Amino acid sequence: MIVNSPKRDDIPSLKALFAEAFGDEGGFIDTFFDTAFSENRARVIYKEGKISAMLYWFDCEYLGKPLAYIYAVATDKAYRGQGLCSILMQDTHKHLKSLGYSGAILVPSEPSLFNFYERLGYKTATFIGELSRESSTQGCHFTSIDKNEYARLRKEYLPKNAIIQEKENLDFLEKLATFIKGEDFLLSYSIYENKLHAYEFLGNTEKAPSILSTLGVDSGTFRGVGKARPFTMLCPFENLTPPEYFAFAFD
């Protein structure tokens, strides 16, 4: 068994494991590898000559320090139950520390995983606000913006101790979402089957129904600042003040 960074030639195997583990369509997977993947931000386990487990991370910033957002942790079905995920996570923590990261953060994909990651040194860190709204009869004014303008404006809305997600985070999000700004709100969203999914909604949440109306969408779910449910878990590598907010989970 070898734990290491993957090679460029491993991408077809990584894509296959991504699809097996998460059921995502090829277009989403291709977009991730085209815009957000780097061999230098990934770790894998090679067992019996093949990739048996994998994970990636996005570079984030918290209080001016580098933080790794661990993403897409997966084990090949044929190798599950052998503790490979724990081995990979522990090795990744050592690797991240050697690179100067101040900690790692992740978003458990289901409630049961909070207990699993707690055993690896993680503690619940941030919560998320969630709204489900129907379209109103009254619209509102907003304009489309690019990812750079979105990154600049969101800092005006973020809580003081928010985790900053830019670089490959926004490169990836740009392929998945549309960015708009209103007089008192900021929104990144996608629409599927006449329903809006907000990756992040900052500002005046009362505008949600009128945004749906202007977009011609029946309903939507909006994610943003709030305490609706536990969202992230943090494994600090040094003494860190707990963060208040994390947004882009790419789920």
Side-chain angles (χ1 to χ4, degrees), residues 3-46 50-62 66-77 79-80 84-85 88-89 91-93 95-96 99 101 104-110 113 117 126 128 146-148 150-151 154 163-179 187-193 195-200 221 223 231-233 246-251:
V3 185
N4 208 338
S5 300
K7 306 176 185 66
R8 181 62 52 168
D9 291 344
D10 289 324
I11 288 180
S13 297
L14 294 171
K15 287 184 175 182
L17 179 51
F18 205 117
E20 177 194 87
F22 306 111
D24 292 307
E25 297 179 353
F28 178 88
I29 297 171
D30 289 342
T31 298
F32 170 76
F33 279 90
D34 290 343
T35 61
F37 170 76
S38 169
E39 300 98 311
N40 296 324
R41 286 184 285 98
R43 298 292 280 178
V44 299
I45 291 179
Y46 296 97
K50 64 176 291 188
I51 291 176
S52 55
M54 68 177 190
L55 63 76
Y56 311 90
W57 68 87
F58 290 81
D59 280 337
C60 304
E61 180 183 311
Y62 179 54
L67 193 72
Y69 161 37
I70 305 294
Y71 179 69
V73 182
T75 302
D76 188 307
K77 288 181 179 179
Y79 295 93
R80 292 177 187 172
L84 296 187
C85 180
L88 182 58
M89 291 290 291
D91 175 87
T92 298
H93 290 166
H95 182 65
L96 291 171
L99 295 175
Y101 286 83
I105 196 164
L106 51 77
V107 181
S109 59
E110 54 186 66
L113 290 176
Y117 286 117
T126 68
I128 200 74
D146 63 20
K147 66 179 180 182
N148 296 319
Y150 187 83
R154 74 188 296 261
I163 295 169
I164 304 300
Q165 296 171 264
E166 296 182 346
K167 300 177 181 177
E168 66 276 0
N169 296 264
L170 288 178
D171 291 341
F172 188 35
L173 184 62
E174 180 185 34
K175 300 297 183 181
L176 306 176
T178 298
F179 305 116
L187 175 66
S188 56
Y189 71 92
S190 62
I191 295 175
Y192 180 70
E193 294 183 346
K195 184 174 182 177
L196 180 145
H197 167 71
Y199 291 92
E200 180 179 56
T221 57
R223 178 185 291 170
F231 192 52
T232 67
M233 300 187 79
F246 179 94
F248 309 132
F250 306 122
D251 49 358

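For this chain, numbers begin at 1 and follow the sequence in order. Owing to the predicted nature of the structure, the values given are computational and were not obtained by experimental measurement.
K195 approaches T221 most closely through the heavy-atom pair CE-CG2, 3.7 Å. Heavy-atom minimum distance, A247 versus E200: CB-OE2, 3.2 Å. Across L113 and S109, no two heavy atoms sit closer than the pair CD1-OG, 3.3 Å. Residues T31 and T35 come closest through the heavy atom pair O-OG1, 2.7 Å.
Contact of the I45 side chain with the Y79 side chain is not registered, since no non-hydrogen atoms from C-beta on lie closer than 4.5 Å. Residues D251 and V107 are not in side-chain contact: their nearest non-hydrogen atoms beyond the backbone lie 4.5 Å or more apart. The closest side-chain heavy-atom distance from N4 to R43 is below 4.5 Å. For the pair F248/R223, no side-chain contact is recorded, criterion being any heavy-atom separation below 4.5 Å from C-beta on. Contact check for W57 versus T92: side-chain heavy atoms found under the 4.5 Å cut-off. Put simply, the side chain of K175 does not reach to within 4.5 Å of the side chain of F32, judged on heavy atoms.
How far NZ of K147 is from OG of S188: 14.0 Å, rounded to the nearest 0.5 Å. Residue H93 holds its NE2 atom at 9.5 Å from CG of L88, rounded to the nearest 0.5 Å. To the nearest 0.5 Å, atoms OH (Y101) and CG (D59) are separated by 3.5 Å. Rounding to the nearest 0.5 angstrom, the gap separating the OG atom in S38 from the CZ atom in R8 is 7.5 Å. Between the CG atom of L106 and the CZ atom of F246 there is a distance of 9.0 Å, given to the nearest 0.5 Å. Y56 contributes atom OH, which lies 6.5 Å from atom CZ of F18 (distance to the nearest 0.5 angstrom).
A search for side chain to side chain contact (heavy atoms under 4.5 Å, CB included) contacts involving S190 returns H197, Y199, not counting sequence neighbours. Looking at residues two or more places apart in sequence or on another chain, you find a side chain to side chain contact (heavy atoms under 4.5 Å, CB included) between D30 and K15, D34. For E25, there are no side chain to side chain contact (heavy atoms under 4.5 Å, CB included) partners two or more places apart in sequence or in a different chain. Applying the side chain to side chain contact (heavy atoms under 4.5 Å, CB included) rule to D9 yields no partners; only residues at least two apart in sequence or on another chain are considered. Annotation: ring-ring contact (aromatic ring centres under 6.0 Å, His included) contacts of Y150 (sequence neighbours excluded): F179.
Using a distance-only test at 3.5 Å, with no hydrogens or angles considered, a donor-acceptor pair links the side chain of D10 to the main chain of K7. In this structure, E39 contributes its side chain and S5 its backbone to no donor-acceptor pair below 3.5 Å. When atom types are taken as modelled, the side chain of T232 and the backbone of T126 share a donor-acceptor pair closer than 3.5 angstrom.
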With a 3.5 Å cut-off and sequence neighbours excluded, list the donor-acceptor pairs that the side chains of residues 67-77 form with protein atoms.
unit_1 : atom_1 : unit_2 : atom_2 : d
Y69    : OH     : A249   : O      : 2.6
Y71    : OH     : F250   : O      : 3.1
D76    : OD1    : A78    : N      : 2.8
D76    : OD2    : K50    : NZ     : 3.3

